[in-house]
Amino acid sequence: MAGPVPSHARVVIVGGGIVGCSVAYHLTKLGWRDVLLLERRDLSCGTTWHAAGLVGQLRSSHNLTRLASYGAVLYERLEAETGQATGFRRCGSVSVARTSERLIELKRGASMAKCFGVDIELISPSEAGRLWPLMRTADLAGAVWIPRDGRTNPIDTTLALAKGARQGGAMIVENVGITGIHRDRGTVTGVATDRGDVACEIVVNCAGMWGREVGRMAGVNVPLHASEHFYIVTEPMVGVTRELPVLRDTDGFIYAREEVGGLLMGGFEPVAKPWGMDGIPADFAFSLLAEDWEHFRVFMEQAIVRIPALETAPVRRHVNGPESFTPDNRYMLGEAPELRNFFVAAGFNSVGIASAAGAGRALAEWIVAGEPSMDLWDVDIRRFMPFQSNARYLRERTREVVGLLYAMHWPFRQPETARGVRRSVLHDPLAVRGAVFGVVAGWERANWFATDGVEPRYAYTYGRQNWFPCAAAEHRAVRDAVGLFDQSSLAKLRLQGPDAAAVLQRLGANDVDVSPGRIVYTQMLNARGGIECDLTVTRLAEDAYLIVTIAAAATHDADWIRRGLDDARVTLTDMTSAWTVLGVMGPRSRALLSRLSSADLSDAAFPFGTSREIEVASAAARATRITYVGELGWELYVPTEFATGVYEALVEAGDGLGLRHAGYHAMDSLRMEKGYRSWGHDIGSDDTPLEAGLGFAVAFKKNAFVGRDALLRQRDKPLARRLLMVTLDDSEPLLLGDEPIYRDGTLVGRITSGAYGHTLGRAVGMGYVAHPDGVDAAFVRAGRWELEIAMERFAAAAHLEPPYDPKSARVRS
């Protein structure tokens with residue numbers, strides 16, 4: 001693969017690991033021929049070559065599981081297609097649990113796998129021992145068996161993908177260093193190399209642990225950091241056969257598989273060793289880092305517990321090779337928001353071999369079609385904020401995220417490192433009142449408030465966690481009196497200019513050409529009618545709008561809007577840091593605000609969906625009558641420097657009204673009872689407003705908006721898929737998301753999000769249900785409904801309407 005570097009290509013892929021070769025391969029499968037892959041040294045020489053080669057199928061979401069499962073299918077047939085062996089075989093995998101809580105986690109995963117079409121079986125410790133004879137099982141609580149999982153040879157699989165790409169017309173050139181990215185007016189135009197410039201239309205950053213550096217050449221945020229990753233390979237051992245499944249003992253931090261008659265054993269330690277802080281050596285190729293047996297001790301000790309024969313097995317190789325990790329342990333895929341036609345596929349968090357095939361196909365489809373073919377939000381690069389590429393932040397977080405791969409995946413688990421980076425001005429006053437913070441998009445947000453006698457920290461479990469009664473009290477205060485939320489993390493964008501209304505009319509499904517001071521709830525759709533953005537739009541003036549969206553979608557939504565501006569005469573400005581947002585919610589919210597403002601807050605003078613400037617205490621604030629909790633209330637947008645004073649005045653004025661501080665756990669349970677959707681969970685780019693029950697927010701009377709034609713086609717037919725509300729009959733179990741939904745004993749869908757409804761006295765969830773003849777009220781009424789939680793089914797009731805205040809009488813009171 002040596003040769004001259006051409007002066008032009010349609011696509012330049014930077015990096016010849018398994019991911020870069022997969023992107024090249026799949027682009028050629030879609031008919032693109034002018035594809036150039038440039039590798040700084042030799043194919044697979046960075047991280048790919050020393051990977052363990054595990055090919056698991058089950059992931060945290062349906063689409064990611066689809067992509068991972070495709071990897072096994074592709075690797076299985078690749079040798080026949082290309083003539084290059086891959087070493088792939090479906091040996092299956094066994095995951096064991098040492099504790100009852102881990103067993104619940106495995107059971108929940110097994111239930112979820114049914115929704116995703118993954119063949120999985122809950123097995124006993126003795127059955128696990130028969131599948132893995134060298135394993136000690138006396139201390140195990142249970143296990144799961146996935147017979148179609150596999151393993152592959154990383155180098156050979158990479159070479160097979162490369163050969164397939166070349167057979168499809170791609171050019172691969174090794175020993176070419178990238179020195180820069182050429183740009184013009186916000187669009188990539190080529191790459192600079194140590195062997196000359198290459199003009200191109202598209203650049204794909206598949207540079208692995210060099211991905212952040214390549215991103216910086218382009219002005220693109222690629223938050224990843226390398227970490228040392230360890231495993232050993234033993235000499236051949238008695239009882240180790242070629243058919244031995246992959247073993248995962250995540251309570252012991254370890255995995256193991258057969259390797260040339262011996263065992264390959266490695267893992268993910270609780271405190272990792274970040275690497276490469278001072279840069280990666282220029283000659284780093286097929287290179288390893290120094291052995292560190294002391295650091296490896298935790299793996300060896302735990303491995304001997306599980307596989308006693310390892311204690312005396314001769315070690316043939318000790319491998320310490322760097323791999324790249326992201327702040328949230330999910331890889332990055334997609335077009336960068338900072339630079340058009342610059343795509344990224346990097347930061348694979350030790351699942352690059354299993355993920356490469358699906359990620360390569362998904363990104364190739366995105367490049368060719370101009371948009372993704374499925375909802376990829378879980379791995380979309382736009383989920384990250386610019387600050388998250390900060391070197392110190394990445395180094396601190398990497399110490400933790402490596403171990404989180406095998407740590408307990410507790411509900412509501414919060415990271416412990418790189419915290420306190422992004423704070424509301426009310427952070428410290430809230431902490432004094434017992435706030436326990438979670439983190440979203442870097443924002444420290446009050447999730448709950450510890451009451452007397454409750455330690456202000458999370459105590460995790462799959463049952464009711466220590467904050468459950470605290471959040472219940474907050475929930476009831478909002479329903480019965482008044483709650484105070486800090487919602488400053490909401491992303492706030494100002495769109496201004498002569499064409500502002502026209503832009504939003506084209507991008508938004510609802511009619512935003514309203515009078516100044518009115519709020520419109522709308523979605524922005526893709527051409528398939530899928531929901532790309534879920535937001536509120538407030539008209540400030542004839543030529544100005546305030547757009548508000550969730551913190552997690554800030555980068556994504558701003559990018560989506562900018563892409564739709566074309567040559568419109570508008571500016572889009574991020575105003576998030578300018579305003580603190582205080583949510584005053586509950587039936588006594590009007591009484592509370594009336595103690596601090598002379599504004600007429602009556603329903604006649606200030607109806608739902610109104611926003612205007614009022615005086616609150618000694619400050620001016622924008623009061624917006626809207627709710628995400630299903631009660632009368634206002635969001636107060638207060639200039640940041642005035643926020644503390646307004647907050648203190650609200651707290652003082654709340655005396656005698658039952659005012660209570662409330663956090664995001666309470667907000668979640670409140671919104672679930674009212675059926676308010678959450679983008680990224682209940683709605684996304686694969687879901688249309690009609691399927692999601694949001695048809696009321698679609699203005700079909702408008703002549704044109706993005707996605708209108710797709711919705712018109714769907715509107716004329718029965719809805720074969722629809723979002724339902726589901727409540728459990730039993731008041732004890734909890735819903736967390738991804739629980740299977742059964743109708744008359746048949747699997748028909750899964751829960752997208754769930755919470756405990758403290759007003760209802762039982763868990764409540766939302767989930768999509770599918771039926772080819774349509775999902776309507778008669779279909780819902782006629783069914784016998786059940787939900788499966790950790791392999792156990794529970795009777796449930798399904799509804800098209802929210803179980804709490806379906807007519808919104810309380811909201812509009």
Side-chain angles (χ1 to χ4, degrees), residues 45-54 96 98 132 134-136 139 151 153-155 208-209 225-240 244 246-281 283-325 329 348-353 395-407 417:
C45 74
T47 294
T48 296
W49 75 276
H50 61 70
L54 310 185
V96 301
R98 301 188 185 189
W132 231 91
L134 275 70
M135 175 170 56
R136 176 176 170 265
D139 62 333
R151 47 165 294 187
N153 182 301
I155 296 178
M209 58 186 173
H225 199 294
S227 175
E228 300 184 28
H229 180 60
F230 303 84
Y231 63 79
I232 59 169
V233 180
T234 74
E235 297 289 354
M237 296 171 59
V238 175
V240 175
L244 197 68
V246 172
L247 172 67
R248 294 183 179 89
D249 178 4
T250 49
D251 289 315
F253 323 123
I254 62 166
Y255 60 82
R257 69 163 176 82
E258 182 270 344
E259 176 73 4
V260 196
L263 286 180
L264 181 154
M265 185 277 290
F268 300 98
E269 66 273 39
V271 181
K273 292 182 67 178
W275 179 79
M277 286 77 75
D278 299 322
I280 301 171
D283 60 350
F284 198 88
F286 294 113
S287 302
L288 294 174
L289 306 179
E291 295 181 358
D292 189 340
W293 285 100
E294 182 58 33
H295 193 80
F296 196 77
R297 177 195 295 269
V298 64
F299 299 133
M300 202 68 209
E301 290 175 346
Q302 293 298 318
I304 291 169
V305 169
R306 187 59 48 228
I307 312 167
L310 272 176
E311 188 169 13
T312 56
V315 175
R316 180 159 54 89
R317 274 174 77 204
H318 180 292
V319 174
N320 178 9
E323 297 188 357
S324 58
F325 292 81
N329 258 338
F348 277 81
N349 306 281
S350 281
V351 294
I353 306 303
R395 183 171 64 253
E396 290 182 8
R397 180 59 60 82
T398 300
R399 295 183 195 277
E400 178 184 13
V401 294
V402 175
L404 291 180
L405 286 170
Y406 276 13
T417 55

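Predicted, not measured: the structure shown is a model, and the values here were computed from it.
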Please check: side-chain N/O of [X] versus main-chain N/O of [Y], any donor-acceptor pairing under 3.5 Å?
X    : Y    : value
D249 : I254 : no
R248 : V96  : no
Y406 : Y255 : no
T398 : E396 : no

Would you say the side chain of [Y] lies within less than 4.5 Å of the side chain of [X], judging by non-hydrogen atoms?
X    : Y    : value
T48  : I155 : no
R306 : R98  : yes
T234 : V240 : no
F348 : T47  : no
L247 : L134 : no
P322 : L289 : yes

Atom pair [atom1] ([X]) and [atom2] ([Y]), whose distance is rounded to the nearest 0.5 Å:
X    : Y    : atom1 : atom2 : answer
E291 : F230 : CD    : CZ    : 10.0 Å
S287 : H50  : OG    : NE2   : 9.0 Å
I307 : M237 : CD1   : CE    : 7.5 Å

E311 atom CD: more than 12 heavy-atom contacts under 6.0 Å: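 Open: at most 12 neighbouring heavy atoms sit under 6.0 Å from CD of E311.
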
Under the side-chain contact (heavy atoms from CB on, under 4.5 Å) test, residues paired with T417 that sit two or more places apart: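 Scan of T417 (side-chain contact (heavy atoms from CB on, under 4.5 Å), adjacent residues dropped) gives R397, E400.
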
Residues forming a salt bridge (Lys or Arg N to Asp or Glu O under 4.0 Å) with R297, sequence neighbours excluded: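 Expected list: E294, E301.
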
All salt bridge (Lys or Arg N to Asp or Glu O under 4.0 Å) counterparts of R395, not counting sequence neighbours: none

Test ring pair (Phe, Tyr, Trp, His ring centres under 6.0 Å) applied to F296 - qualifying residues, sequence neighbours left out: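 In terms of ring pair (Phe, Tyr, Trp, His ring centres under 6.0 Å), with neighbours along the sequence ignored, F296 is linked to W293, F299, H318.
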
Set of residues satisfying side chain to side chain donor-acceptor pair (under 3.5 Å) with respect to S350, sequence neighbours excluded: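 E323.
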
Would you list the atom pairs, donor with acceptor, under 3.5 Å between side chains in residues 256-280 and any protein atom, with sequence neighbours excluded?
unit_1	atom_1	unit_2	atom_2	d
R257	NE	A52	O	2.7
R257	NH1	E259	OE1	2.7
R257	NH2	A52	O	2.9
R257	NH2	E259	OE1	3.2
E258	OE1	R89	NH2	2.8
E258	OE1	R151	NH1	2.7
E258	OE2	V260	N	3.0
E258	OE2	G261	N	2.8
E269	OE2	H295	NE2	2.7
K273	NZ	E228	OE1	3.4
K273	NZ	D292	OD2	2.6

